[in-house]
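What follows is a short report on a single structure.
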Amino acid sequence: MGTRMGLGALGFIIVTQLTAHKSIWAMILGTIVIDLGQSFVFTTMFIASSSGIEMKEQGVASAIINTGQQIGSAVKLSVVMSIVSAVFNTSGLLE
């Protein structure tokens with residue numbers, strides 16, 4: 001699983017190197033690499049989290065997994081943006 005997560009991390013590294021003057025192809029390449037890494041990780045995560053669950057409870061297990069994933073993404077985004085705002089001393093206004 002570490003290699004798969006590394007693939008996603010590589011994609012994020014590619015995307016963070018973008019500037020206003022770089023080609024759109026760099027962004028497309030980074031996005032594709034991120035998507036490949038996430039598809040491997042999410043597939044493995046769903047298989048691992050639903051193994052051992054009875055067939056009649058698979059829907060509930062899937063809902064819990066999806067809810068946790070969505071809440072985790074929202075919390076991650078808010079923490080990252082709080083850190084960015086603190087580091088760059090922004091007021092939150094889009095100017």
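FYI, side chains are in, hydrogens and waters are out, and symmetry mates aren't considered; it's all heavy atoms of this structure.
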Is a side-chain N or O of [X] found less than 3.5 angstrom from the main chain of [Y], in a donor-acceptor match?
X	Y	value
S50	F46	yes
S78	V75	yes
T43	F40	no

In terms of hydrophobic clustering (I, L, V, M, F, W, Y; side-chain heavy atoms under 4.5 Å; direct or indirect links), are [X] and [Y] co-clustered?
X	Y	answer
I28	I14	yes
I32	W25	yes
L10	L29	yes
I65	F42	yes

OG1 (T31) and CG (L36) are apart, to the nearest 0.5 Å, by 11.0 Å
The reported gap from OG in S82 to CG in L77 (rounded to nearest 0.5 angstrom) is 9.0 Å
